[in-house]
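Each remark here refers to the structure printed beneath this line.
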Amino acid sequence: MRELSDALLAWFDQCARKLPWREQASDTRRDPYAVIVSEFMLQQTQVSTVIPYYSRFMERFPDLLTLASAEEPEVLKYWEGLGYYRRARQLLKLAKTLVSDFSGALPQDRKTLLKLPGIGEYTAGALLSFVFDLPEPAVDGNVLRVVARLDAEAYTMGDVKSQAAARERVSGLMPPERPGDFSEALIELGATICLSSSPLCHDCPMSHVCRAYQQGVVAEYPLRQKREKSPVSQMSYVLVHDGTHVFCRRRSEALLHGLYEFI
DNA sequence: GTCCGGGACC
DNA sequence: GGTCCCGGAC
């Protein structure tokens, strides 16, 4: 376990992408507000898309108080193009709630965070680990994929039980001295190395402890929801009439081919 | 053009 | 289970 987190953290120290919401003197904690804004934007969109929006948003709403006193239409204007506009509204609600009910400070426990607008299990974990350096798991799609492959465990994307199991697993992996970086490193690994298609296992710092890799079955994890796609059968007919009756004949290659139906 | 991934919430 | 939206893969 020690070996795993050491390897991942060493990789993260060397390879982490430079992102606007990570720009921080290395000895200061991350700005809670910056983490909130970036996590809300990242909930629905990829990093490269978020970057310009994040920068413009932070210029106009540089801190929690500024955002909390803004009107919804203007916030939505800065969100335009990102989609999932409910998130922008939730973010504004969250800012107002934090200011009015929490003296502008982010709660440091999961249970309280989960009651706040727009915050679910993943975002709660992300805030607790990134901002407060607490050993709280933040399991998004990236992390679920990483853990599923690491253990060759049959986790299913988007499945709440799998997410809960993955949170347990990640909790057990957390190194006590750098939980926040470890949490972020798992996400970074999923986003840049442990890709859902064509993962870059040869560059992966965990391949030596990855069960799926050792078994050569990386592509099989995680499982995907089997969507009950109702069998769509196309039918075409030929209309036949003999002057008195109209018949309908199914085309020969179709289901029940050649069958005559009386209309 | 179609399919799919991605969190929270209803 | 459905909805919100977009971008990327194919």
Distance check, rounded to the nearest 0.5 Å: A:Trp21 atom CH2 versus A:Met41 atom CE?
9.0 Å
Looking for any heavy atom pair under 4.0 Å, which part of the strands does [X] touch: base, sugar-phosphate only, or nothing?
| X | answer |
| --- | --- |
| A:Tyr84 | base |
| A:Arg145 | sugar-phosphate |
| A:Gln44 | base |
| A:Leu42 | nothing |
| A:Gly158 | nothing |

Taking it one step at a time, do A:Glu39 and A:Tyr122 satisfy side-chain hydrogen bond (donor to acceptor under 3.5 Å, both in side chains)?
CA-CA 10 Å; A:Glu39 285 306 326; A:Tyr122 164 72; 2.9 Å; yes
Relative to the 5' end of DNA chain C, which residue comes earlier, A:Ser197 or A:Gly81, by the nucleotide with the nearest heavy atom?
A:Gly81
Can you work out whether A:Thr45 or A:Ser198 has the more 5'-proximal nearest nucleotide on DNA chain C?
A:Thr45
Proximity to the side chain of A:Thr49 - top-ranked nucleotide from B:dG7, C:dC5, C:dG7:
C:dG7
As a test of reading the structure: which of B:dG7, C:dG7, B:dG6 is closest to the side chain of A:Arg87, going by heavy atoms?
B:dG7
Expressed as a whole number of angstroms, how long is the span from [X]:[atom1] to [N]:[atom2]?
| X | N | atom1 | atom2 | answer |
| --- | --- | --- | --- | --- |
| A:Lys93 | B:dA8 | NZ | C1' | 12 Å |
| A:Arg89 | B:dA8 | CZ | C1' | 14 Å |
| A:Leu127 | B:dG7 | CG | P | 14 Å |
| A:Tyr85 | C:dC5 | OH | P | 7 Å |
| A:Tyr53 | C:dG7 | OH | C1' | 11 Å |
| A:Leu195 | C:dA9 | CG | C1' | 13 Å |
| A:Gln163 | B:dG7 | CD | P | 9 Å |
| A:Leu223 | B:dC4 | CG | C1' | 16 Å |

Is the phosphate of [N], meaning OP1 or OP2, less than 4.0 Å from a side-chain N or O of [X]?
| X | N | value |
| --- | --- | --- |
| A:Ser196 | B:dG5 | no |
| A:Arg86 | B:dG7 | no |
| A:Tyr122 | B:dG6 | no |

Comparing A:Asn142 with A:Ile119, nearest DNA chain B nucleotide closer to 5' gives the residue A:Asn142
A:Leu82-A:Val35 co-clustered via ILVMFWY side chain contacts under 4.5 Å
yes
State, to 0.1 Å, how close A:Thr123 and A:Gly118 come at their nearest heavy-atom pair, and which atoms those are.
OG1-O, 4.4 Å
Which heavy atom of A:Val139 sits nearest a heavy atom of A:Leu144, and at what distance?
CG1-N, 4.0 Å
Kindly indicate whether a cation-pi arrangement holds for A:Arg56 with A:Tyr53, taking the cut-offs as under 6.0 Å to the six-membered ring centre and within 45° of the axis.
yes
